[in-house]
Amino acid sequence: MDGKVDMGFHRMGTLKALVASVACIGLLSMGACGANNTPQPTDTATARLGSVAIFTPSDGITISQHTPLNKWAKLVPQIKDELVETGFAAKQISTHTDSNLDKQSQDIQDYVVSRAADTASTATSADTTTTLIVAPCASTDSTTTQYGDYVTTPLDADASSNADTEADQRLASALTLAHKSGMHVIVLANDISGFSPDVFVQMSTARKIGQIQAKQLVSKLQLDSASPSNPKTIEVFLPVGSAKDEDQSVSMAFAKEAFKGIWDVLGPYFKSGAVVSASDTLNASTSATSWSSVAFTASDDNDITQELDSRLQPDEDTQPVHIDGIIAMNDYIASVIVQELDALGYEGSSAEINPSISIMGIVGNLAGHKDLTKSAVPAPAGSQPYVPADDDTLQWPIVTGYGAYTDMLPEIVNGKLWMTALEDRATLASGIAKVSKRLASGGSVTTLKSVNKTTINGESVPTLTQALIAVSASNLKSELIDTGYVTLAQAGL
């Protein structure tokens, strides 16, 4: 047995010993103080909120260095600012990043053991309160990192190695000790097997990412007005990692869940015949489990280009087919699709389909010159659907993505990418700070807005949720520029 494993067992032994000692101190404290002497939350609690330790993964790197806005390096500073605004002392807030679960679990274990020892020696001191905010390092691959850093790994992603299992157990044991020693634990994005936190913060899920893009197509293409006699044509692209990718099962599980979200929304339209796919990969007999029919390996730009060509122009001697909408899943896939649509001869922009604003109106709004017009009211069911003015013209389709990549924002301005989406970082940071304060001051978190109960590891756990932000030309300025997420220059202006 090598030194690393010996050190792991030594740490686990130390952890077990501390669990026992903390439990004993807890029993002695209960006997000495009595139930009537239990401290209650007061108005001065904000002055003694204690310390906060934030543990997150290192930022992921995406293909071609495209950068989504959903990055830990952007969220953590906002959480710190909100914690200070809420009443925590800046010097009492520490941040820690790790590149993998093994290292992260050891760092958290070392931190908890140290704090537990300090707490045990000063058990009656109010300023020893500690809140841990933990975003576990999860299994990922080059495909799932394209969605940003906050995505939840689907539960059926079977990519755990023996090392991961040991790290999982170490992390659960360390956080259990944290609870026993009076610390509070908030877990972000991915749950931890064998441990139930004080609060779970649900972030991006594959299903939500699929749903939000499908809903945008329903709205923009006015699918309630489509009919089997004049259907809309939609293609869904589900990227997965290659067989060479060590964690390919993660992206496959992600694609499976994402398709469920897409089919929740688009399934009824395909079943009625109001929507078809040009490639017939989806049809009226498709079910929510048919994800593999639209999945493809997306190792590089060429993989994506070939997949698009095979669906829209299967025969090089014929003109590409008419297409109304494309779900690209994330902005990296969308960037390649936009380039290839242009190469195939598609013209115009998404703004020309059921228009509510012109390209000049978009630019004028973003530059602050004028307000956007309100969106047109969808036509009633049964009315004449939109058709291209010229059958010989390949009209540019609605293209959706996710991640709000800074290098794709100009494509929203020019109408080539209709929408993207991202986490509401500011609201998430504010919510995390509020639940941290409630926990530290002994209050109830369930009375907070956006906190509901969900079942995690068999227990009912308060869960903070926040809706994703769908960004299109009509609200890019208010959602991304006015909020400070990006600058006018980054938006191509």
Side-chain angles (χ1 to χ4, degrees), residues 143 146 209-210 213-214 216-218 220-221 223 226 230-242 251-252 254-256 258-259 261-263 265-267 269-271 273-350 353 387-388 391-402 411 416-419:
T143 302
Q146 295 162 12
I209 291 173
Q213 293 183 57
Q216 287 292 309
L217 287 189
V218 170
K220 181 61 175 173
L221 292 176
L223 294 188
N230 202 342
K232 298 297 185 183
T233 305
I234 292 174
E235 288 293 326
V236 175
F237 291 81
L238 285 181
V240 297
S242 70
S251 61
M252 293 178 70
F254 193 95
K256 178 180 178 181
F259 187 74
I262 293 169
W263 209 245
V265 179
L266 295 185
Y269 297 100
F270 274 95
K271 291 185 184 302
V275 172
V276 298
S277 73
S279 61
D280 199 36
T281 50
L282 302 173
N283 50 53
S285 62
T286 299
S287 71
T289 61
S290 303
W291 66 275
S292 60
S293 64
V294 289
F296 70 102
T297 299
S299 299
D300 53 33
D301 293 10
N302 191 52
D303 285 340
I304 304 166
T305 298
Q306 289 182 356
E307 183 68 17
L308 181 71
D309 290 351
S310 69
R311 297 198 199 182
L312 302 188
Q313 192 183 27
D315 185 347
E316 293 184 0
D317 295 329
T318 61
Q319 185 182 35
V321 299
H322 171 77
I323 182 76
D324 294 296
I326 293 176
I327 292 180
M329 288 308 301
N330 63 65
D331 284 5
Y332 164 60
I333 304 297
S335 69
V336 182
I337 286 177
V338 164
Q339 292 175 11
E340 185 61 11
L341 286 173
D342 185 63
L344 290 173
Y346 288 85
E347 301 176 1
S349 75
S350 299
I353 300 176
V387 292
D391 291 338
D392 293 330
T393 299
L394 289 171
Q395 167 65 42
W396 195 273
I398 302 298
V399 181
T400 68
Y402 182 85
E411 301 290 6
K416 299 302 183 182
L417 177 65
W418 175 248
M419 66 79 62

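Bear in mind the structure is a predicted one, so any value in this text is a computation, not a measurement.
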Within the side chain of [X], is there an N or O that forms a donor-acceptor pair under 3.5 Å with the backbone of [Y]?
| X | Y | result |
| --- | --- | --- |
| Trp291 | Ala258 | no |
| Gln213 | Met329 | yes |
| Asp300 | Asp303 | yes |
| Glu307 | Phe296 | no |
| Lys232 | Val218 | no |
| Asp331 | Tyr402 | yes |
| Thr305 | Asp301 | yes |
| Thr143 | Ser251 | no |
| Lys256 | Ser290 | no |

Problem set entry | Steps toward side chain to side chain contact (heavy atoms under 4.5 Å, CB included) verdict (Trp263, Thr289) | CA-CA 9 Å; Trp263 209 245; Thr289 61; over 6 Å; no
What is the distance from atom [atom1] of [X] to atom [atom2] of [Y], rounded to the nearest 0.5 Å?
| X | Y | atom1 | atom2 | value |
| --- | --- | --- | --- | --- |
| Met419 | Lys220 | CE | NZ | 12.5 Å |
| Ile262 | Ile234 | CD1 | CD1 | 10.5 Å |
| Ile326 | Ile398 | CD1 | CD1 | 10.0 Å |
| Phe270 | Ser285 | CZ | OG | 11.0 Å |
| Leu266 | Ser277 | CG | OG | 11.5 Å |
| Met252 | Leu238 | CE | CG | 11.0 Å |

Problem set entry | Audit row: Glu235, Val321, side chain to side chain contact (heavy atoms under 4.5 Å, CB included) steps and yes/no | CA-CA 12 Å; Glu235 288 293 326; Val321 299; over 6 Å; no
For this session: Could you tell me whether the side chains of Ser299 and Thr297 share a donor-acceptor contact shorter than 3.5 Å?
Result: no
Heavy-atom closest contact ([X] atom, [Y] atom, distance):
| X | Y | result |
| --- | --- | --- |
| Phe259 | Thr286 | CZ-CG2, 4.0 Å |
| Ala214 | Val265 | CB-CB, 3.6 Å |
| Val236 | Leu282 | CG2-CD1, 3.8 Å |
| Gly273 | Pro231 | O-CB, 3.4 Å |
| Pro314 | Leu312 | CD-C, 3.6 Å |
| Gly345 | Leu394 | O-CB, 3.8 Å |

Just wondering, do [Y] and [X] contact through their side chains at under 4.5 Å, heavy atoms?
| X | Y | result |
| --- | --- | --- |
| Glu340 | Asp309 | yes |
| Trp396 | Asp342 | yes |
| Gln395 | Tyr346 | no |
| Lys271 | Tyr269 | no |

For this session: Begin from the C-alpha positions of Val399 and Lys416 and carry the test side chain to side chain contact (heavy atoms under 4.5 Å, CB included) through to its verdict.
Result: CA-CA 7 Å; Val399 181; Lys416 299 302 183 182; over 6 Å; no
For this session: Using the test side chain to side chain contact (heavy atoms under 4.5 Å, CB included), find all partners of Asp315 that sit at least two apart in sequence or belong to another chain.
Result: Asp317, Thr318
For this session: Please test Ser279 against Thr281 for side-chain hydrogen bond (donor to acceptor under 3.5 Å, both in side chains), starting from the C-alpha separation and ending with a verdict.
Result: CA-CA 5 Å; Ser279 61; Thr281 50; 2.9 Å; yes
For this session: For Val275 and Leu223, run side chain to side chain contact (heavy atoms under 4.5 Å, CB included): C-alpha distance rounded to whole Å, both residues' side-chain angles, the deciding distance at 0.1 Å, then the answer.
Result: CA-CA 8 Å; Val275 172; Leu223 294 188; 3.9 Å; yes
